[in-house]
Amino acid sequence: MHSSRGIPRTLPWKGRRVNLFSTISDAILKAYPELEAADLIFGAPPNLEMGDVAIPMFLPARKLRTAPPKLAAEAAERVSFGPEVSKSGAAGPYLNLSLDRSATGARIVNAVLEQGNGFGSNGSGTGRRILVEHTSINPNASPHVGRGRCAMIGDSMTRLFRFEGYDVEVHYYVNDMGRQIGLLVLIADEITDLDFNGILDAYVRANALAESDPEFAARGYELLVKMEEGDPDAQQRFKAVTDLCLKGQLEVLSRVGATYDYFDRESKYVNDPRMDQVQQRLRDRGVLFTDEKNRLVADLAPLGYAQEEGRFFVLMRANGSSMYGYRDIAYSLDKIERGTDVNLMILGEDHKLYAQQVGLILEAAGYPAPEVIYYSYILLKDGKMSTRQGKVVLLADFLDQAAALAVERVAEQCPELSPEEQGAIAETVAVSAIRFAVLRVKPGKNVTFDMEAALSFTGDTGPYVQYCCARINSILRKSVGALPVAPGAAFASAHDSEWALLMKIASFPAVVAESVQQRTCAPVANFSLDLAHLFTAFYHDCPVLKAQNAAQTESRLLICRAALQTLRNALDLLGISAPERM
RNA sequence: GCGCCCAUAGCUCAGCUGGAUAGAGCGCUUGCCUCCGGAGCAAGAGGCCACAGGUUCGAAUCCUGUUGGGCGCGCCA
């Protein structure tokens, strides 16, 4: 009896023809010319004894006007499979095949080691360019894990696209203006030695003051107007505060590995001349009008927007100052003009309606709407995060706590390493804990963040997968002589645990393809977990250095190398390092 | 009220382009360090896949409705 630890349910050839197994498909089509490749759906039988590949005969049977069980039995006899298939048989309406483990295993190991850091890539992005905008936090506080979700998703998608061969550029939109930043600037003037850590307090104070003191609020607006009009002093003050904040935020974000190629400041788009043309086109389409209060408004109804709520989108205030959306449209033009094949942004689910509105306006003006990945909020056990109530988990705090716990563990396990090395490993463990916890969940789900669970490092966690890598490295380090480079004639992978592991490894390219298509790295995270589990089962069942003979040791060392390479590639997409020791 | 998203074990989540008996982890129970790293492994208990209809040879998966949760509907950004 075996459970999911056996043959992976997600097969490399599921739903599509992959070169490794295309010969099976060809053999069947040769025997049944009436069928086509699309009729053959490859899956996995419920257990190993039944075979490695299962093909349901429902569709083919319908096409051939026969009963599925009858066709399965007939096909098992009639089709002449190549040497790759060691056994064929029918189980009810399913045609089950067993593969030659050693020959197939050798092919898998060969492919992994040959392709190295590129194993898993389908090259689907070759020659294509993509622009990703993510994170883009308001410069007012240290990022909490909810904000971090955006950065980690965006960063992992970037890694995924680059892995697939896309030329990717990463943009960060700096919201360096607006009423609230104006208030923050005012308060900042009253505080000496304002640093990043004091920003949040100042921000909360400024907003509270604005509510209780209308005069203060009015001064904030005045300052904003001066800034928009180009007053150098006002601009300089805005820049000083937002720079301070951005720098602090980026320091935290860089700890989790997020990097950006361009920082685009919102203030740059206040008076963008290209918007004249946009306005003209909107007028031509009959969607732009000045309302009774002298505001410049877009009516989305003629553009196919069906609801009354959100139908009208204000672009400019009566006093002629621009709204956020107006500047954002100008920014979109900037991004569009960079001429990438895909224009992608990662946004919180609170931006859904807004992004839809902006998209409609852009399309009406003759531009393509950006593609958007929405992520849902991270909730805490006792409810939503609230900055004002102090109910937040700051990314920096989490990393500090996690690293402190991890360093104790590393000191125990690797006393031979220097304190600096131990500290560096602990930091990667902390990063892996948070990145993995966030990335293994699909972006659209509300998740409840459990601080205790995230700090435990046991079970289905990033550190568990890292630990698996450290273990493999340990075996490779201890093996005597040169490591084998490629499977030879004596290569064997007959043991169930070896075979299951190799089958999982072979499915990696399909997991990557699925992740690109679904626009989420969650399948990669779950794949790495499955792979680590399967490796550990192999580790317990199949001694490598103490195998029965040298040939077996060599085969297993090769399997170790292939597993490590695949794990490293998967973890790299998640922004997690695979340590030598931990 | 209207719109979008979500609902799977006590808890946190996989599985969703329809296929055989729905899976992990945490927590709980029981074993396993003279043996390549126990951040581990093996086993057990735990499910009306929110509810109700529909499509199909076949539905956790697709469609409709209901319920519950998240988000949004600003001269905020």
Side-chain angles (χ1 to χ4, degrees), chain A residues 3-5 9-10 14-15 41 43-47 50 54 56 58-59 61-62 67-68 91-94 96 138 140 175 177-181 266 293-295 306-311 314 316-319 321 323-325 327-328 348-354 356-357 374 376-377 379 381 384 406 409-410 412-414 429 437 440-442 444-450 452-454 456-461 463-468 470-479 514 517-518 522-523 525-526 529-530 533 536-537 539-547 553 556 560 581-582:
Chain A
S3 57
S4 68
R5 294 290 149 85
R9 300 287 299 183
T10 310
K14 190 189 178 187
I41 297 161
N47 60 61
M50 298 174 77
F58 300 101
L59 263 66
R62 183 182 296 176
Y94 292 88
N96 290 341
N138 286 334
N140 58 19
N175 302 125
M177 54 182 297
R179 193 183 76 98
Q180 293 185 322
I181 304 298
E266 183 185 345
K293 290 177 185 164
N294 206 33
R295 300 176 295 189
Q307 277 75 45
E308 197 57 28
E309 298 78 18
R311 171 180 166 182
V314 178
M316 276 191 178
R317 300 184 178 92
N319 68 5
S321 67
M323 294 282 288
Y324 177 81
R327 288 165 243 143
D328 204 11
E349 64 175 335
D350 51 331
H351 284 67
K352 273 181 188 171
L353 175 59
Y354 167 79
Q356 191 193 351
Q357 292 168 325
Y374 297 102
S376 296
Y377 284 5
L379 309 173
K381 271 183 160 175
K384 302 172 197 175
R409 205 59 194 282
V410 177
E412 277 171 36
Q413 304 251 354
C414 313
V429 170
R440 68 175 295 216
V441 181
K442 293 216 263 192
K445 280 197 129 152
N446 286 113
V447 294
T448 308
F449 186 78
D450 183 344
E452 217 175 310
S456 78
F457 309 155
T458 66
D460 286 355
T461 64
Y464 170 83
V465 182
Q466 288 183 305
Y467 183 74
C468 181
R471 247 179 179 171
I472 300 175
N473 274 313
S474 176
I475 293 173
L476 297 180
R477 217 181 296 131
K478 284 180 178 158
S479 77
E514 181 195 350
Q517 193 210 339
Q518 290 187 21
N526 288 300
L529 211 43
D530 291 346
H533 277 134
T536 311
Y539 172 85
H540 281 274
D541 296 342
C542 306
V544 178
L545 302 177
K546 291 170 185 168
T553 290
R556 289 179 177 171
C560 284
R581 302 163 202 265
M582 63 185 281

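Since the model is a prediction, treat every value here as computed from it, not as a measurement. In what follows, every chain begins at residue 1, and chains take the letters A, B, ... in the order their sequences are listed.
- Using a 4.0 Å heavy-atom distance criterion, A:Met50 is classed as a base contact.
- Across every strand in view, B:rU12 sits in a pair with B:rA24 that passes the Watson-Crick or G-U test at under 3.5 angstrom.
- Contact annotation for A:Val441: backbone-only contact, meaning every heavy-atom pair under 4.0 Å involves sugar-phosphate atoms and none involves a base.
- Comparing B:rC75, B:rA14, B:rC71 by their closest approach to the side chain of A:Lys445 singles out B:rA14.
- For the pair A:Ala44 and A:Ala54, the tightest heavy-atom approach, listed with the atom from each and the gap, is C-CB, 3.9 Å.
- Across all strands shown, A:Tyr354 has heavy atoms under 4.0 Å from base atoms, whether or not it also approaches the sugar-phosphate.
- Heavy atoms of A:Glu266 sit under 4.0 angstrom from primed sugar atoms or phosphate atoms, though from no base atom.
- Under the Watson-Crick or G-U wobble criterion, with both distances below 3.5 Å, B:rG40 is paired with B:rC32.
- Both distances falling under 3.5 Å, in either a Watson-Crick or a G-U wobble arrangement, place B:rG3 opposite B:rC71.
- Residue contacts shown for A:Thr458 are limited to sugar-phosphate atoms, with no base heavy atom under 4.0 Å away.
- Listed candidates were B:rA39, B:rA24, B:rG70. Nearest to the side chain of A:His533 is B:rA24.
- Using a 4.0 Å heavy-atom criterion, one finds that A:Gln307 contacts the sugar-phosphate atoms exclusively.
- Applying the 90° criterion around 0 to the glycosidic angle, B:rC33 comes out syn.
- Side-chain atoms of A:Asp541 and base atoms of B:rA42 include no donor and acceptor less than 3.5 Å apart.
- No engagement by A:Phe449 is indicated, since no non-hydrogen atom pair under 4.0 Å with the nucleic acid exists.
- Although no hydrogens or angles enter the test, the distance criterion places no donor-acceptor pair under 3.5 Å between the side chain of A:Asp328 and the main chain of A:Tyr324.
- B:rC57: Watson-Crick or G-U partner is B:rG19, with both key distances under 3.5 Å.
- Both tests hold for A:Lys352 against A:Tyr374: distance to the six-membered ring centre under 6.0 Å, angle to the ring axis within 45°.
- Taking the C1' atom of each, B:rG10 and B:rU29 are spaced 15 Å apart, rounded to whole Å.
- If you check B:rU64 for Watson-Crick or wobble pairing at under 3.5 angstrom, you find it paired to B:rA52.
- Side-chain proximity of A:Val410 to B:rG72, B:rC75, B:rA39: nearest is B:rA39.
- Residue ring and base: A:Phe58 counts as stacked with B:rG19 (centre distance below 5.5 Å, interplanar angle below 30°).
- When heavy atoms are screened at a 4.0 angstrom cut-off, A:Arg311 is found touching no nucleic acid atom at all.
- No contact: A:Asp450 has no heavy atom under 4.0 Å from any strand.
- Base contact: A:Ala470 has a heavy atom under 4.0 Å from a base atom.
- Stacking of A:Arg471 on the aromatic ring of A:Tyr539 is recorded, both the 6.0 Å distance cut-off and the 45° axial limit being met.
- A:Leu476 comes within 4.0 angstrom of nothing in the nucleic acid, heavy atoms only.
- Using a 4.0 Å heavy-atom cutoff across all strands shown, A:Tyr94 reaches at least one base atom of the nucleic acid.
- Using a 4.0 Å heavy-atom distance criterion, A:Met582 is classed as a base contact.
- Among the protein residues, A:Cys542 comes within range of the nucleic acid bases, having at least one heavy atom under 4.0 Å from a base atom.
- Listed candidates were B:rC4, B:rC71, B:rC36. Nearest to the side chain of A:Lys352 is B:rC4.
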